[in-house]
Amino acid sequence: MSRTTLHRIEAGEPAVTVGAYLNAMQALGPQFGSLASQSDGDRGESRKTKDWLPICIRLADYPQLKRLAWQVYGVDELSLTEAFGLYERNWRHLDLAAMDLREQHLVEALHQVFGKKMPNHV
């Protein structure tokens, strides 16, 4: 993989192929899964966040993230890098008391992937 492709992946550019993303993920070694593979009853239970992480994050599924992404027009999904960046830059604007368990798991998983802890981490 070229440096240019890696930089494009880090920036979340849409022109990068899925195969390049998969190669980068394989090199990093995190385990990715899908929430769709779990039954509805399992979503509320506590689980290890490193065992799952969506490839694209749908704004409609995470209300706090959607509020933070008010300036992003015409986008329904974000890359992991974009979502983490929004959480990290705008952490002070989140309503932590209103954050549901699913979104807390997302924040924890992003923290594990990117290795940074957010202030007053959930």
- Query: Can you tell me how far the NZ atom of K66 sits from the CG atom of L86, to the nearest 0.5 Å?
  - Reply: 14.0 Å

- CG of L59 to CZ of R67: how many Å apart, nearest 0.5 Å? 13.5 Å

- Which heavy-atom pair separates S79 from G12 by the least distance, and what is that distance? OG-CA, 4.1 Å

- Distance, nearest 0.5 Å, that separates CD1 of I57 from CG of L80: 5.0 Å

- W70 and F84: same hydrophobic cluster, using ILVMFWY side-chain contacts below 4.5 Å? no

- Query: Side chains of W91 and V107: does their closest heavy-atom pair fall under 4.5 Å?
  - Reply: yes

- Item | Interatomic distance, E77 atom CD to D61 atom CG [nearest 0.5 angstrom] | 9.0 Å

- What heavy-atom pair brings I9 and A24 nearest, and what distance separates the two atoms? CD1-CB, 4.0 Å

- Query: Any sub-3.5 Å donor-acceptor pair from E103's side-chain atoms to D100's backbone N or O?
  - Reply: no

- Do the side chains of M99 and L106 get nearer than 4.5 Å, heavy atoms only? no

- V72 vs E82 side-chain heavy atoms within contact, under 4.5 Å: no

- Query: So do T81 and E10 actually touch side chain to side chain, heavy atoms under 4.5 Å?
  - Reply: no

- Heavy atoms, side chains only, cut-off 4.5 Å: are L68 and Q64 in contact? no

